[in-house]
Amino acid sequence: MAKTYDHKKIEKKWRKHWEEGGAYVTDESSSKPKQYVLDMFPYPSGLGLHTGHVEGYTATDIYARFKRMQGFNVLHPMGWDAFGLPAENYAIKTKTPPRETTNKAIDNFRNQIQSLGLSYDWSREVGTHNPDYYKWTQWFFLFLFENGLAEKRMGKVNWCPTDQTVLANEQTVSESGEKGVCVRCGTKIIQRELAQWFFKITDFADALVNDLDGVDWPESTKVNQRNWIGRSEGAEIDFSVAESRQKITVFTTRPDTIFGATYLVLAPEHPLISESINTTINRSEIEAYLEKNKDLKEIERTAEGREKTGVELKGIKAINPATKEEIPIWVADYVLGGYGTGAIMAVPAHDSRDFAFARKFDLPMKAVIIPEGNVDFELQHLLFEGTQESVTEYIIKTGAYGGTGILVGSKQFNAQKSETVKEKISILVAGRTKVTYRLRDWLISRQRYWGAPIPVVYDPEGKPHAIPKEHLPWLLPEDVEYLPKGTSPLGTSKELLERTEKIFGKGWKPEIDTMDTFVCSSWYFFRFSDPHNLEEFASKEAMQKWLPVDLYMGGAEHTVLHLMYARFITKALQKFGYVSFGEPFKALRHQGMILAEDGTKMSKSKGNVINPDEFVELYGADTVRIYEMFMGPLEAMKPWNTQNIIGSRRFLERVWRIQEKMSKEALLDANADSVLQQTIKKVGEDIQTLSLNTAVSQMMICLNSFEKEEHIPVSTYESFLRILAPFAPHITEELWQDLGHTGSIHTEGWPTFDPSKLEKNEIVIAVQLAGKVKGTVVIANKATEDEVVQLVRADAKLSLIVPEKPSRTIFVPGRIINFIP
RNA sequence: GCCGGAGUGGUGGAAUGGUAUACACGCACGACUCAAAAUCGUGUCUCGCAAGGGAUGAGGGUUCGAGUCCCUCCUCCGGCACCA
């Protein structure tokens, strides 16, 4: 009589039903509290959906469905990060327009996503490559430009000779960690000087660091963001040049070591070198050094393990403002021109880099800090009793000490703690406190075709002008030569040039670079709140209603930059009054990478890629969803195991079969009921914390206990189905309908549990002797310590082990009783 | 080197300081079957016939009691790394 579980029929039927009924279209009129549950939108690659997508999307789908059942109005959208290099490279190879391949890939992705039964509101779908979207990407460019947050300037840029484009610093590291290569093609990058557009993200450096304290993100991601920004607090100190009015300003985080600064080092780019080269006595040596190093890229200069090189500016000296002693000035490529002031005070006794340099060139060292806590008597003795030579000898032996401690050889600061005098010293010696950052401005120009055109035109003098907003979207031309020839493909479009001249006049030229695709993805979560708005990127009311995002899910691999840029855009909008908050993503979680069965990364070249479609076809979407959630902790990296999927399928088949035990009259056994109550409680808590693997296992435990029963009351089965519904939406909908319900199970409320039934009447507790388990006794749930002791004494085996008069008895209700002899 | 995170059966993995190995896969045996598959049942960390021991990367510590907390060390993963 009972139907068999035909996942193909069931899943197809309900997906059609949900789609036709608009089951997951967000209800804008609802007054329920909102919940914005967002996945990082994918790049629609031709390879299709991979197992990692399925994992993240299933987790947020379960969360979104759970929140709906809990009575929230949920916004759960999906879209496409559609501009980017693969489609363009494919176009170069095959002459197929990128729009064509991209749209095809999107259709494929959408089909795959829909086959998983994910409850997205497809009426809000966006694609960054569509003019009605990139119109607003261009609007953001103009918004930043008008407010002084976008500017064109010359910049040394990383240039990929193969892809013929500029790359951001962060795109010059290959996936295997190799530096100085194009992230896409692995070609060694070269450095070029070009006029480029920058977004001034550094204006927000402080807020980008500080506001991390207020968001619920994985700690490691916060650390990555902080590292990237690289905020460091220190001081700028002026060193005057002897017999000259020039001065050299250095940045240091350790002003407390200034008495140990025995020489200065300038970056090769430092302007003082050319200004004072005439007063040096080794001019040709210096020039030869600069010439030899001028083509070195920063990445090469900072390569791991590279031997430090440098040359002294002989004939000129600097004066240490603390000791008033003359110290040599060197040029060395280990000092970076683009960071701090491009000059440092070298303290070889207390900095390992300066130490290595001083050793190589036999420069003086002076120790001025000794570790606190009298750890090193030899050093202490030397500092107070020894000669400068003996101290130097000691340092050479032990290496630089970079920690904090007690000052010595520092005149009036002697015997004070290094931390407490830091600020005092920097002010007393012609300096001021200063904060610097590693973060650089965001270079957004790309010499590529498949991106949003930068909405700028140049007058006949070459001066840039913003394109007035009424001309947006500034369309991406189609009559282009894809194959780049060192200039941007847009430069080959006749239509674009004619369009520009027609609107702005003869001699005007369009900007031919496009925007970094990270610009497109830095604001899409705003658009989802109001995706069809023709007047604004999103209305203030819509953003007020839906944002910030309550839960944001995506892989950890490539998100440092995306998150940074999205936060930057949000802070810019906040500054100019568009939004009231400064952080776009309240809570962030990362799904872990799913590895191939052999425990290595899936890759096309290794041929070990798992295609989720295959398993959706074979076992059904519900099974794949359950399996991927059951594999292990969401955020953990875990290997795929095809053999294990069958367990998830069997679970659903048992859910299906147990309907045969249903009975309207039956009462649930108290113990089975208690398992059900625990399951309602635990699964709810687990979904909230996204511990979905243990949620699935709890449902399995619950089903196991039902299977021991003769009959299952209908209401019990209904509760169970409602708990399972977010995980396996199709099978539960079918079974729900079979129970005679006309409405969808997914509009039901989340079941409540009865706390009074959570506990079983009889429980097993462990009996310990001095902390070692010796056996168990079955006791009534509410049994007192005395009653438990009685039971233990009555037990034939335990009574022999437990001492007559224990010195102590520890009773933890419901857990253990421990007798200490 | 620095900063995160992790190390538990044959495998994926559970465990508010309270019976380590839940749940699942696999495997073995049994039932059903002419047979097989499917399904169901039993067993499955380790030494031991048993009674009992031992085991959560290694070693210490705190505690009545430690996978969990503290210290030292080892290994693996992720990130940063000449940023003064």
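Just so it is clear, the model here is predicted, and its values are computed rather than measured. These values consider heavy atoms only, across backbone and side chains, with no hydrogens, waters or symmetry-generated copies. Chain A is the first sequence line, chain B the second, and so forth, proteins listed ahead of strands; every chain is numbered from 1.
Of the candidate nucleotides B:C77, B:G18, B:C40, B:C77 has the atom nearest to the side chain of A:M637. Proximity note for A:R438 (side chain, C-beta onward) versus B:A81, B:C82, B:C64: the nearest is B:A81. The side chain of A:P633 sits closest to B:A14 out of B:C64, B:A14, B:G18. For A:Q768, the side-chain atoms get nearest to B:U19 when compared with the rest of B:C77, B:U19, B:G13. Taking only side-chain atoms of A:R808, from C-beta outward, the nucleotide of B:G18, B:U19, B:C64 with the closest atom is B:C64. Looking at the side chain of A:D351, the nearest of the listed nucleotides B:G12, B:A15, B:A84 is B:A84. For A:V773, taking side-chain heavy atoms from C-beta onward, the closest of the listed nucleotides B:G54, B:A20, B:C64 is B:A20. For A:W228, taking side-chain heavy atoms from C-beta onward, the closest of the listed nucleotides B:C82, B:C80, B:U39 is B:C80.
Contacts of A:K222 with the nucleic acid, taken as non-hydrogen atoms under 4.0 Å apart, are absent. Residue A:R657 is classed as a sugar-phosphate contact, given heavy-atom separations below 4.0 Å to backbone atoms only. Contacts of A:V812 with the nucleic acid, taken as non-hydrogen atoms under 4.0 Å apart, include base atoms. Residue A:S220 is classed as a sugar-phosphate contact, given heavy-atom separations below 4.0 Å to backbone atoms only.
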Could you write nucleotides 24-33 of chain B as a row of B, S and -, 5' to 3', where a protein heavy atom under 4.0 Å of any base atom gives B, of only sugar-phosphate atoms gives S, and otherwise -? SSS-------

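By the 30° and 60° cut-offs, the orientation of the rings of A:H7 relative to A:Y5 is perpendicular. Taking the six-membered ring for Trp and thresholds of 30 and 60 degrees, A:Y334 and A:F357 have ring planes inclined between 30 and 60 degrees apart. Between A:F706 and A:F720, the ring-plane angle classifies as perpendicular under the 30° and 60° cut-offs.
A 3.5 Å limit on both hydrogen-bonding distances identifies B:U39 as the Watson-Crick or G-U partner of B:A31. Pairing for B:G59 is with B:C71, a Watson-Crick or G-U wobble pair whose two hydrogen-bonding atom distances lie under 3.5 Å. Summarising the base pairing, B:C76 is matched to B:G5 through a Watson-Crick or G-U wobble pair whose two defining distances lie under 3.5 Å. Pair check for B:C25 finds B:G10; Watson-Crick or G-U wobble, both atom distances under 3.5 Å. With both pairing distances under 3.5 Å, B:G48 is matched to nothing as a Watson-Crick or G-U wobble pair.
Rounded to whole Å, atom P of B:U11 lies 16 Å from atom CE of A:M631. Counting to the nearest Å, the P atom of B:C64 and the NZ atom of A:K774 are 18 Å from each other. Atom P of nucleotide B:G53 and atom CG of A:L769 are separated by 10 Å, given to the nearest angstrom. As rounded to whole Å, 12 Å separates atom P of B:A14 from atom CG of A:L634. Rounded to an integer number of Å, the gap from CH2 of A:W330 to C1' of B:C82 is 17 Å. Atom pair A:L336:CG and B:A81:P shows a separation of 11 Å (rounding to whole Å applied). A:I816 has its CD1 atom 11 Å from the P atom of B:A20, to the nearest Å. Residue A:F355 contributes atom CZ, which lies 15 Å from atom C1' of B:G1 at whole-angstrom precision.
Remark: the A:N227 side chain and the B:C80 base include no donor-acceptor N/O pair separated by less than 3.5 Å.
For the pair A:D354 and A:E707, both in contact range of RNA chain B, the more 5′-proximal nearest nucleotide belongs to A:E707. Each of A:F251 and A:N693 has a nearest nucleotide on RNA chain B; the 5'-most of these lies closest to A:N693.
Under the 3.5 Å distance criterion, with hydrogens and angles disregarded, no donor-acceptor pair is assigned to the side chains of A:D786 and A:T784. Of the N and O atoms on the side chains of A:D206 and A:Y437, at least one donor lies less than 3.5 Å from an acceptor on the other residue. Between the side chains of A:N704 and A:R654, at least one donor N or O lies within less than 3.5 Å of an accepting N or O.
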What do the steps show when you test A:F355 against A:M365 for side-chain contact (heavy atoms from CB on, under 4.5 Å), and what is the final call? CA-CA 8 Å; A:F355 178 82; A:M365 304 189 188; 3.7 Å; yes

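Note on A:K638 versus A:E628: no salt bridge recorded, every NZ/NE/NH1/NH2 to OD/OE distance being 4.0 Å or above. Using a cutoff of 4.0 Å between basic side-chain nitrogens and carboxylate oxygens, A:D354 and A:K308 are not scored as salt-bridged.
Taking atom C1' on both B:C2 and B:A81, the two are 8 Å apart, rounded to the nearest angstrom. Nucleotides B:G7 and B:C73, compared at atom C1', are 14 Å apart to the nearest Å. Here, B:A38 and B:G48 have their C1' atoms 39 Å apart, quoted to the whole Å.
With rounding to the nearest 0.5 angstrom, the CD1 atom of A:I248 is 5.0 Å from the CG atom of A:L266.
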